[in-house]
There are 2 protein chains.
Amino acid sequence: MNTLAEENYLKSIYHLSLNDSNVSTNQIAAALNTKAASVTDMLKKLADKELINYAKYQGVTLTSAGEKVALHIIRKHRLWEYFLVEKLHFKWDEVHDMAEEMEHISSVELTDRLDKFMDYPKHDPHGDPIPDRDGKFKKNELQPITALQVNESGIISGVRDHSALFLQYLEKQQLTIGKKIKVTEIIEYDQSMILEVEQTKIHISREAAKNLLIVI
Amino acid sequence: MNTLAEENYLKSIYHLSLNDSNVSTNQIAAALNTKAASVTDMLKKLADKELINYAKYQGVTLTSAGEKVALHIIRKHRLWEYFLVEKLHFKWDEVHDMAEEMEHISSVELTDRLDKFMDYPKHDPHGDPIPDRDGKFKKNELQPITALQVNESGIISGVRDHSALFLQYLEKQQLTIGKKIKVTEIIEYDQSMILEVEQTKIHISREAAKNLLIVI
DNA sequence: TAAAAAATTTAGACTTGTCTAAAAAATTAT
DNA sequence: ATAATTTTTTAGACAAGTCTAAATTTTTTA
């Protein structure tokens with residue numbers, strides 16, 4: 001099997017791949033809070049195990065074996081987050097670090113039974129889709145609310161920023177998953193938005209708006 | 001915090017301390033499937049951290065700080081075992097290895113909420129007591145059934161051997177936790193015992209009997 | 001397109017936890 | 001009580017994963 005460090009590298013590479021097809025050494029170093037030299041060492045190891053495609057100076061992509069490992073870790077992460085929120089009643093901003101540990105529990109049987117225990121949830125508490133045991137999941141058709149014009153509506157369905165700070169801010173503003181929002185005004189000066197949520201008006205910056213995802 | 005290896009050493013030392021007040025290097029090496037030289041190295045490290053009392057060649061005992069750590073790991077192990085059996089419907093012989101991983105999940109808050117979620121179980125699926133958050137628990141007043149005379153009865157409440165092999169054997173013989181048993185005969189030749197469990201007679205070796213624990 | 005800047009890799013070192021082989025201490029047996 | 005045996009520790013080495021500093025490659029910019 002793979003070490004804890006290897007698993008964390010694969011997971012980071014997967015996440016970074018969603019934005020850039022070739023992931024650079026420095027991006028990985030930043031994501032994992034480590035140094036580029038350490039990343040290079042690990043990339044060689046992962047390439048030897050045929051979990052990534054790596055050519056010096058050219059960045060990396062996951063092989064299908066590597067993607068499979070990454071998706072299984074992400075599956076576990078999201079299932080445990082769901083468990084922590086739905087069964088143990090943690091708040092959505094409290095579960096990330098715990099799930100970072102729990103995602104490394106290895107038993108596949110345990111993961112599948114946990115999935116069944118919770119009745120096969122499709123999304124974690126932040127709206128991210130939970131891969132099934134084969135790593136398959138529907139790609140989210142989510143857009144940032146900055147895609148909306150005045151008077152258009154959507155349903156809050158995810159976030160781009162998973163930091164506790166942002167999640168707590170959203171919670172305080174009642175901007176939680178499932179809520180219906182309507183854009184009532186876009187301030188020309190700074191592109192900040194005024195939203196209507198359950199009859200109340202909420203003013204959010206463009207910065208925040210970019211990180212709040214909806215389905216239309 | 002403590003590393004995974006340190007936690008495993010403390011846990012082993014705790015368990016071994018129940019039989020011998022001073023635990024030897026070789027005992028620990030056997031329990032952890034490692035070499036005596038490795039144990040000596042780790043003992044120095046744990047002594048530096050004041051988690052054990054260690055004097056060369058004299059064996060070790062846990063300090064109260066070390067015992068606290070050990071009991072917290074044991075608490076987590078037993079709570080997760082209970083979860084796996086009661087919520088995910090694993091069998092009692094399947095959960096040990098999974099719990100070995102899960103016992104290292106660090107969050108105290110998570111542990112306490114898990115405890116609450118399951119309504120504060122007092123014993124794990126093998127009858128071992130679950131320490132509370134302060135590490136306190138009632139010492140089991142359990143005896144091996146070899147302590148019984150002919151015609152005496154007891155209730156199966158624990159096991160001394162936690163191996164899957166022994167647990168599966170017990171399961172097959174209907175010798176599970178909570179069952180009432182009565183000794184109907186002790187064979188003089190080999191000290192094996194004939195038990196009555198729910199109107200059926202079961203013949204078990206003295207070897208097995210020593211590992212099956214009851215309350216009277 | 002050549003120089004400067006940025007990104008990446010290499011070289012060499014450190015820590016943790018492990019190992020084997022040899023030395024030292026403790027125990028046991030004669 | 002001394003020799004033989006067993007247990008434990010020390011010495012030196014190794015793998016994993018990380019680091020800093022220096023070298024190399026790629027990219028940017030003038």
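Below, chains carry the letters A, B, ... as their sequence lines are ordered, and counting in each starts from 1.
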Open item on the list: If you assign A:Ala36 and A:Tyr57 each to the DNA chain D nucleotide with the nearest heavy atom, which residue ends up on the more 5' nucleotide?
Closed with: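 Nearest nucleotide further toward 5': that of A:Ala36.
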Open item on the list: Nearest heavy atom decides the nucleotide; on that basis, is A:Asn33 or B:Gly59 closer to the 5' end of DNA chain D?
Closed with: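 Closer to the 5' end of DNA chain D: B:Gly59.
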- [ ] Answer with yes or no whether the side chains of B:Ser163 and B:Asp161 bring together a donor and an acceptor at under 3.5 Å.
- [x]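 Yes, a side-chain donor-acceptor pair sits under 3.5 Å.
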Open item on the list: Using a 3.5 Å limit for the pairing distances, which stems of at least 3 consecutive Watson-Crick or G-U wobble pairs does DNA chain D take part in?
Closed with: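 Counting only runs of 3 or more consecutive pairs, the stems involving DNA chain D are C:1-30 with D:1-30.
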Considering just the side-chain nitrogens and oxygens of [X], establish if one lies under 4.0 Å of OP1 or OP2 belonging to [N].
X: B:Thr25; N: D:dT9; value: yes
X: B:Lys56; N: D:dT10; value: yes
X: B:Ser24; N: D:dT8; value: yes
X: A:Tyr9; N: D:dT18; value: yes
X: B:Asn26; N: D:dT6; value: no

For the side chain of [X], counting heavy atoms from C-beta on, which of [options] is nearest?
X: A:Ala37; options: D:dC19, C:dC19, D:dG17; value: D:dC19
X: A:Thr40; options: C:dT8, C:dG17, D:dC19; value: C:dT8
X: A:Glu6; options: D:dC19, D:dG17, D:dT10; value: D:dG17

Is a side-chain N or O of [X] found less than 3.5 angstrom from the main chain of [Y], in a donor-acceptor match?
X: A:Asp124; Y: A:His126; answer: yes
X: B:Arg113; Y: A:Leu88; answer: yes
X: B:Lys138; Y: B:Pro129; answer: no

Quick one: [X] [atom1] to [N] [atom2], roughly how many Å, whole number?
X: A:Lys44; N: C:dT9; atom1: NZ; atom2: P; answer: 8 Å
X: B:Asn8; N: C:dG17; atom1: CG; atom2: C1'; answer: 12 Å
X: B:Lys35; N: C:dT20; atom1: NZ; atom2: P; answer: 4 Å
X: B:Asp20; N: D:dT7; atom1: CG; atom2: P; answer: 14 Å
X: B:Gln58; N: C:dA26; atom1: CD; atom2: C1'; answer: 9 Å
X: A:Gln27; N: C:dT8; atom1: CD; atom2: C1'; answer: 13 Å
X: B:Tyr54; N: C:dA25; atom1: OH; atom2: C1'; answer: 12 Å
X: B:Met42; N: D:dT9; atom1: CE; atom2: P; answer: 15 Å

Task: Atom CD of A:Glu50: over 12 foreign heavy atoms under 6.0 Å - done: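 Counting other residues, nucleotides and ligands, CD of A:Glu50 stays at 12 neighbours or fewer.
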Task: Distance in Å, B:Lys35 NZ paired with B:Asp41 CG, rounded so as to fall on 0.5 Å steps - done: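 So the gap between those two atoms works out to 13.5 Å.
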Open item on the list: Looking at every heavy atom in both B:Arg75 and B:Ile130, which two are closest together, and how far apart are they?
Closed with: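 So the two residues come closest at O-CG2, 4.2 Å.
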TODO: Report yes or no: is the cationic atom of B:Lys87 (NZ for Lys, CZ for Arg) under 6.0 Å from the centre of the six-membered ring of B:Phe117, at an angle within 45° of the ring normal?
DONE: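 Yes, a cation-pi geometry.
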